[in-house]
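Structure first, commentary second.
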Protein chains: 2
Amino acid sequence: MSSETIWPDEVFSDLDRNGPVPLYYQVASRLERAIRSSVIPAGSRLENEISIAQRLGMSRPTVRRAIQELVDKGLLVRRRGIGTQVVQGQVSRPVELTSLYDDLQSTSHEPTTRTLLHAIIPAPEEIAEQLRIAEGTDVLHLRRVRRSDGTPVAILENYLPAPFTDIAEDDLDTRGLYQVLRARGVAIRVANQAISARRAKGDEADLLGISRGGPVLTTERVVFNDAGEVVEYGIHCYRPDLYRFETTLVAK
Amino acid sequence: MSSETIWPDEVFSDLDRNGPVPLYYQVASRLERAIRSSVIPAGSRLENEISIAQRLGMSRPTVRRAIQELVDKGLLVRRRGIGTQVVQGQVSRPVELTSLYDDLQSTSHEPTTRTLLHAIIPAPEEIAEQLRIAEGTDVLHLRRVRRSDGTPVAILENYLPAPFTDIAEDDLDTRGLYQVLRARGVAIRVANQAISARRAKGDEADLLGISRGGPVLTTERVVFNDAGEVVEYGIHCYRPDLYRFETTLVAK
DNA sequence: AAGTGGTCTAGACCACTTT
DNA sequence: AAGTGGTCTAGACCACTTC
C-alpha cells in the first residue's frame with residue numbers, strides 16, 4: 001500500500017542511440033542504478049509503459065524489454081491492471097556462471113591458487129558419462145586449492161576433455177579456469193549445477209584449515225559452451241563459514 | 001560440429017489460437033517436450049526463426065519469444081550468424097520458488113509435518129530487520145520438522161509478520177506454508193536466498209536423525225509478494241544426504 | 001553474397017483491476 | 001469507464017558468420 005506514482009526524471013539523460021549498446025539495455029541499466037541508489041525508492045510505483053515510451057521517444061516493446069530485465073532480476077514486480085512497483089528489499093546478485101576466481105576478485109579479495117594435481121588420465125566411467133565422451137578417453141584432471149588473502153576457501157577438482165587437455169599448470173596460477181578457457185575462445189553459456197553438503201573427507205579438512213569431519217559446502221557442475229558441447233565437469237568443496245551462494249528467485 | 005538442419009514436423013499439431021494460453025507458451029512447451037523426449041535430438045540445429053514463423057503461421061517475435069524461453073532454461077543455445085542448437089546435456093529444473101512441501105510432493109513422496117513451535121513473539125532486532133518492520137512488532141514464529149515417507153529431511157524455522165500471524169497450527173499439518181499463503185490470496189513473486197552449510201547444533205541432529213555435529217545444508221530466505229512486500233523470513237536446514245539444490249545457470 | 005540471430009518500430013486487441 | 005500490463009502482428013535495419 002501507500003505507493004504513489006513517483007517518478008524521477010534526469011535518470012535517462014545520456015542515452016546513446018547510435019552506439020553499439022542496445023537501447024533496452026541502456027534503459028535497464030539506468031533504471032537499475034536509480035533503484036539501487038534509491039533515487040527511485042523501494043515500494044514506489046513506476047509510470048506506465050506507454051508514457052515512458054513516449055517520454056523517452058522509443059517504442060513500447062523496447063521499454064517493456066528494459067523493464068522485463070529488472071523483473072527477471074527481482075528488482076521490479078508487475079501486476080496487470082495495477083502497474084509496476086519496486087520490490088522492498090535490496091536484491092542480491094544471482095549465482096553467476098563465473099569461476100570462483102572471478103567471484104573473489106570482483107569482491108576485492110586477492111585470490112591465489114595452488115595446484116595439487118595436474119594429470120592426464122583415461123576417463124573413469126562416471127567422469128566419461130558426465131563429459132559425454134567414451135570411457136577411457138584422455139581427460140585432464142585438476143585438483144587445486146583456492147585461497148583468498150592467504151586463507152583457503154575451496155578445493156576445486158575439475159575434469160576437462162579434448163581439446164583442453166593441454167592447458168598448462170602455469171596458466172592456472174594467475175587466472176581462473178574460466179578465464180583460461182575464455183582466452184582460448186571458449187564461450188561459456190550453460191551449466192547444470194547441484195549444491196549440497198557433506199563431511200570433509202581425506203585431506204580436505206587439513207587443506208581447508210577446518211576440523212576433521214567438519215562440514216563442507218559442495219557443488220557439482222557440468223559446463224557447456226556456445227555450441228552446447230561439454231567443456232568441463234567440476235566437483236568443488238567450500239569452507240561454509242567463508243562461502244555461501246546468494247541468489248534471487250523469481251516466480252515464473 | 002556435425003549438426004544438420006534436422007527438423008521434425010508434427011510437433012505443433014494441436015496449437016490452440018483462441019484459448020487463453022499464450023501462443024509463445026504453447027510453442028515453447030511443445031518444443032521443450034520434443035527436446036526432452038529426443039524427438040529433436042541433442043546437438044541438432046533448429047530451422048531459422050523466420051521459416052518457423054512462416055510455417056507455423058505466426059510472426060517472428062512470437063517464435064523468438066518461444067525460443068528465448070528455452071534459451072533461458074538452458075535447453076537451447078543461440079549464436080548470431082550461426083543458428084540455434086539444442087544443448088547436449090539433459091537439463092535439471094532450476095531452484096524453484098516453491099516450498100519444500102511442494103517439492104517433495106511433486107517428486108511423489110509423502111510429506112508430513114510436525115510443528116515444534118507455534119508462537120507469537122515480539123520481533124527481535126535481526127528478524128525485524130529482515131522483515132522490514134519495527135523491532136518488537138508481533139510476529140509469528142514457527143519451527144517445524146518436515147518428513148518424507150517418515151524420514152526427517154528438514155527443520156524449517158519461519159517468521160511471518162502481520163497479517164499472517166493468525167495462521168493456525170492445524171493449517172500447516174496438511175499443507176505447506178506457501179500453499180496456506182496462496183490460499184489466503186498471497187501471490188509469491190520474488191525471494192532472496194542464501195545457501196550454505198554448518199554443523200548441526202542443539203537438537204537438530206536428533207531431530208534429523210544424523211550424528212551430533214554432523215553437517216547440515218542451510219538456506220536463509222526472504223520472500224516477497226506481488227506488491228514487493230515482505231511475506232516471510234525463513235531459516236531452514238536439510239539433511240545433506242537426502243537433499244540437494246539442482247539448478248541450471250545461463251550466462252546472461 | 002547469403003544466411004543467421006539481435007534490435008527496434010508503430011501500431012492492435014485483449015484481460016485484469018480500480019473507480 | 002478508464003487505466004494498466006500481456007500478447008501479437010508485420011514489417012525494418014543491423015551485426016555477425018560462413019561461403
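Each chain gets a letter, A, B and so on, in the order the sequences are listed, and its residues count up from 1. Everything numeric in this text was worked out from a predicted model, so none of it was measured.
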* DNA chain C base-pair string [pairs: Watson-Crick or G-U under 3.5 Å; |: paired with another strand] -> ||||||||||||||||||.
Is there a side-chain contact between [X] and the phosphate of [N], meaning an N or O under 4.0 Å from OP1 or OP2?
X: A:Thr62; N: C:dT7; value: no
X: B:Ser59; N: D:dG11; value: no
X: A:Tyr24; N: C:dC8; value: no
X: A:Asn48; N: D:dG3; value: no

How many whole angstroms separate atom [atom1] of [X] from atom [atom2] of [N]?
X: B:Arg78; N: D:dC16; atom1: CZ; atom2: P; answer: 17 Å
X: B:Glu49; N: D:dG11; atom1: CD; atom2: C1'; answer: 15 Å
X: B:Asn18; N: D:dC8; atom1: CG; atom2: C1'; answer: 13 Å
X: A:Gln85; N: D:dG3; atom1: CD; atom2: P; answer: 19 Å
X: A:Leu76; N: D:dT4; atom1: CG; atom2: C1'; answer: 15 Å
X: B:Gln54; N: D:dG11; atom1: CD; atom2: P; answer: 10 Å
X: A:Leu23; N: C:dT9; atom1: CG; atom2: P; answer: 6 Å
X: B:Arg45; N: C:dT4; atom1: CZ; atom2: P; answer: 7 Å

All N/O contacts under 3.5 Å from nucleotides 12-19 of chain C to the protein, with atom names and distances to one decimal?
from	atom 1	to	atom 2	distance (Å)
C:dA12	N6	A:Arg60	NH1	3.3
C:dA15	O4'	A:Arg80	NH1	2.9

* Classify the side-chain pair A:Thr84/A:Arg78 by whether it contains a donor and acceptor separated by less than 3.5 Å. => no
* Pair A:Tyr24, A:Gln68: side-chain N/O donor-acceptor within cut-off below 3.5 Å -> no
* Taking only residues two or more places apart in sequence or in another chain, which ones pass ring pair (Phe, Tyr, Trp, His ring centres under 6.0 Å) with B:Tyr233? -> none
* Using the test ring pair (Phe, Tyr, Trp, His ring centres under 6.0 Å), find all partners of A:His141 that sit at least two apart in sequence or belong to another chain. => A:Tyr159
Closer than 4.0 angstrom, basic N to acidic O: yes or no for [X] and [Y]?
X: B:Arg132; Y: B:Glu229; value: no
X: B:Arg184; Y: B:Asp166; value: yes
X: A:Arg36; Y: A:Glu32; value: yes

* Asked: For A:Thr84 and B:Val21, take the nucleotide of DNA chain D holding the closest heavy atom to each; which residue's nucleotide lies nearer the 5' end?
  -> A:Thr84
* **Sugar-phosphate only, base, or nothing, as touched by B:Pro22 at under 4.0 Å among non-hydrogen atoms** => sugar-phosphate
* Quick one: are B:Val180 and B:Phe164 in side-chain contact, heavy atoms under 4.5 Å? -> no
* Determine whether B:Arg144 and B:Leu172 make a side-chain contact, defined as any pair of heavy atoms from C-beta on separated by less than 4.5 Å. => yes
* A:Arg189 to A:Phe224, cation-pi by 6.0 Å centre distance and 45° axis angle -> no
* Structure fact -> Residue pairs passing the salt bridge (charged side-chain N to carboxylate O under 4.0 Å, His left out) test with at least one member in residues 13-28 of chain A, sequence neighbours excluded, are A:Asp14-A:Arg30
* Got more than 12 heavy atoms from elsewhere within 6.0 Å of CD, A:Glu129? -> no
* To do: Specify the residues of residues 64-71 of chain B, ordered by number, for which at least one heavy atom lies under 4.0 angstrom from an atom of DNA chain D.
  => B:Arg65
